[in-house]
There are 2 protein chains.
Amino acid sequence: MPSVASIESACLAALRGAGLSEEFAQVQLSLLLEAELRGTTSHGLLRLPRVVERIISGATDPASPGKGTWRGTALLEVDGEQGLGPIVAKFALDQVTQRATTCGVAVAAIRNCDHLGMLAWYAEQVAKKGQILIALTISEALVHPWGGRQAMLGTNPIAIGVPSEPEPFVLDMATSLVSMGKIHDHANRGMPIPLGWALDANGTPTTNASAAKDGSIAPFGGAKGYALGLAFELLVTALTASATGRDVKGTLDPVHPCNKGDVFIVLEPAHAVGPVISQFMNEIRNCPPADPSSPVRVPGDRALSTRANRLDQDVCLAPETWKRIQQLAGIN
Amino acid sequence: MPSVASIESACLAALRGAGLSEEFAQVQLSLLLEAELRGTTSHGLLRLPRVVERIISGATDPASPGKGTWRGTALLEVDGEQGLGPIVAKFALDQVTQRATTCGVAVAAIRNCDHLGMLAWYAEQVAKKGQILIALTISEALVHPWGGRQAMLGTNPIAIGVPSEPEPFVLDMATSLVSMGKIHDHANRGMPIPLGWALDANGTPTTNASAAKDGSIAPFGGAKGYALGLAFELLVTALTASATGRDVKGTLDPVHPCNKGDVFIVLEPAHAVGPVISQFMNEIRNCPPADPSSPVRVPGDRALSTRANRLDQDVCLAPETWKRIQQLAGIN
């Protein structure tokens, strides 16, 4: 397995080769590598080839940081101008985190920007600097409404970051029951999926992972999870005037300009509330567990322990991903 | 069954008798009656006696609209000074909806205020006037963490209102699998509850509704719903410096001053986005249904149809609730 240093070097070469500046390449890599280190493989380095392919096809502009306009004292409207997700997002976050220090709250409403990647990355950065973040984003339609038979909604994740010591609280979850990546993974291994995860293209419940790839994923938590995913999609659309449902393009494919919306809400916490948050998180961890061998976890605990282990070791990259990254970097 | 007019008249008499001004009594009644009409019985008129009892015990101040201080241009910190939920909330919402028109976003961070009641009421009012609302509130600890055996979290609901025609989109849902009211209802009727709804006081899964009353309710949607409920509780606490977990008091009982927090985030939508929202909601309703006899619903659809039916008829009040309200009103 390659070392983290050699992976970094190849990825940066591939991104620079696609037209990213040194600064932008560092930001894009940092996001993907962080997802890899935390075990969020679906949002890790396997996405790098697609980032490059989208630039080559002309769907993505590797040099655009987006264009921001204040629609009110505390609401920044951002046209991403087809820039890269983490570049446009960082540009927007820099402005709204600054504005929130005087306004108490500030919001970025972003459209025409590529896939943001792992939302936890943004939530952690903001919370580490002492502010609260609510992040919402939309994906292509992959999820069926509760009681429906067709993909109509994105996987519509939410991330929430809250400052605390020693580590901030970070939630990052999709409103789908599982990710499409997980279904692809089962299909690739020829494994069945549990009944209830997905419907096939005809809207019939299936355990065949390959059939599910052309169908739709269930929302998490039944009717409530569906309701929440729909509410997030409507809220993001209402704020950003972005596309909805089956009209959303460009979050996964290599060729379509991305037309989904993203929303960041940054909030200033009350004074000196940090220790209360940490203490409550520890109380939760100390809740008597149903299974004595499985202590109660707080969201983010597993990602941080995975990260701590992986930093000591090499990153476990799939051979075909590593080969493709080396090709794009012009190595071998 | 009593008519809506006679119920209104008795409720107003009971509230005025407890010290509410005519204006405050109208607001408090309007909230409870609206919940009743929509079929959210758990947040309906059965709550009125408790509102009065809390005033009599001194836990609630029926005359306080709360005291607001702007912690930033767009963040209103509200000390509810133990006022009634809908009174303090209305006072706060009036200010932040106004401020959002120039700032694009404004937030109310409320503490020391009684139970807000049905959040849909606030979301609908704000959305009908053309703004987006995200409302969060905390309850006493009733929900166990995923993998835990003890109640540590509130039922922590979220409401989201988005403007659209002819009716706004309104989501209002708890992050618990069911309400404690539903478990009490099963206990009162001597009915068992499904396995998975709740644990008894020892943390053991139970189908005995009476045993569940002293135990804890499951979060909705397993680990994800738990994570979301916890994130909401941390976010609200961080913004309002209110109590957390098992320290939260006064949302249900008759004697404790209420120490939970509430958060309203009001956002200005992008220009002329309303028709897009309505169209997407209709596309969702027209999604091919899994069961041809059950069309896909959008959150709020059922509440509005219940409301339309009930307005033509009498409100279906439990006899003991009606008797208690008449007593409090000094009737018979």
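- Heavy-atom distances place the backbone of B:Leu177, and not its side chain, under 4.5 Å from chain A.
- In this structure, the side chains of A:Arg297 and A:Arg302 come closer than 4.5 Å at one or more pairs of heavy atoms.
- Distance alone, capped at 3.5 Å, places no donor-acceptor pair between the A:Arg38 side chain and the A:Leu304 backbone.
- Between chain B and the options A:Val162, A:Ile160, A:Thr244, the largest number of non-hydrogen pairs under 4.5 Å is found for A:Thr244.
- For A:Leu199, no part lies near chain B; criterion is any non-hydrogen pair under 4.5 Å.
- Proximity of a side-chain donor or acceptor of B:Ser278 to a complementary backbone N or O of B:Glu165 within less than 3.5 Å is detected.
- Under the side chain to side chain contact (heavy atoms under 4.5 Å, CB included) criterion, B:Ala198 pairs with B:Ile183, B:Ile193, B:Ala212, sequence neighbours left out.
- A side-chain donor-acceptor contact under 3.5 Å links B:Asp200 to the backbone of B:Asn202.
- With chain B as the partner, the residue from A:Gln279, A:Gln150, A:Lys224 showing the most heavy-atom pairs under 4.5 Å is A:Lys224.
- For residues 225-237 of chain A, a heavy-atom distance under 4.5 Å to chain B picks out A:Gly225, A:Tyr226, A:Ala227, A:Leu228, A:Leu230, A:Ala231, A:Phe232, A:Glu233, A:Leu234, A:Leu235, A:Thr237, given by residue number.
- Panel note: side chain A:Arg149, backbone A:Thr204; no donor-acceptor pair is recorded below 3.5 Å.
- The candidate with the highest count of non-hydrogen atom pairs below 4.5 Å against chain B, out of A:Gly221, A:Ala270, A:Gly274, is A:Ala270.
- Between chain A and the options B:Ala106, B:Ala174, B:Pro219, heavy-atom pairs under 4.5 Å are most frequent for B:Ala174.
- Note on A:Val170, A:Val107, A:Leu239: by heavy-atom pairs under 4.5 Å with chain B, the leading option is A:Leu239.
- Within the 3.5 Å criterion, the main-chain N or O of A:Asn112 finds no donor-acceptor partner in the side chain of A:Lys260.
- Remark: A:Trp146 CH2 is loosely packed, at most 12 non-hydrogen atoms of other residues, nucleotides or ligands lying under 6.0 Å away.
- In this structure, A:Asn286 contributes its side chain and A:Asn282 its backbone to a donor-acceptor pair below 3.5 Å.
- Counting heavy-atom pairs closer than 4.5 Å to chain A, the top residue among B:Thr102, B:Thr175, B:Thr101 is B:Thr102.
- With respect to chain B, the highest number of heavy-atom pairs below 4.5 Å among A:Gly147, A:Ala290, A:Pro269, A:Cys103 belongs to A:Cys103.
- Neither the backbone nor the side chain of B:Trp70 comes within less than 4.5 Å of any heavy atom of chain A.
- With hydrogens and angles disregarded, no donor-acceptor distance shorter than 3.5 Å links the side chain of A:Arg285 to the backbone of A:Val296.
- If you tally non-hydrogen atom pairs under 4.5 Å between each of B:Pro295, B:Gly300, B:Ala223, B:Pro145 and chain A, the highest count goes to B:Pro145.
- A donor-acceptor contact shorter than 3.5 Å is absent between the side chain of A:Ser164 and the backbone of A:Ile277.
- Checked by atom type and distance alone, the side chain of B:Asp214 never pairs as donor or acceptor with a backbone atom of B:Ala211 at under 3.5 Å.
- At least one donor-acceptor pair under 3.5 Å links the side chain of B:Asn259 to the backbone N or O of B:Asp247.
- Note on B:Ala272, B:Ser294, B:Gly72: by heavy-atom pairs under 4.5 Å with chain A, the leading option is B:Gly72.
- Residue contact with chain A, scored on non-hydrogen atoms closer than 4.5 Å, involves the side chain of B:Leu171 exclusively.
- Note on B:Ala238, B:Gly148, B:Gly245: by heavy-atom pairs under 4.5 Å with chain A, the leading option is B:Ala238.
- Taking B:Ile132, B:Ile158, B:Thr240, B:Ile134 one by one and counting their heavy-atom pairs under 4.5 Å with chain A, the maximum is reached by B:Ile132.
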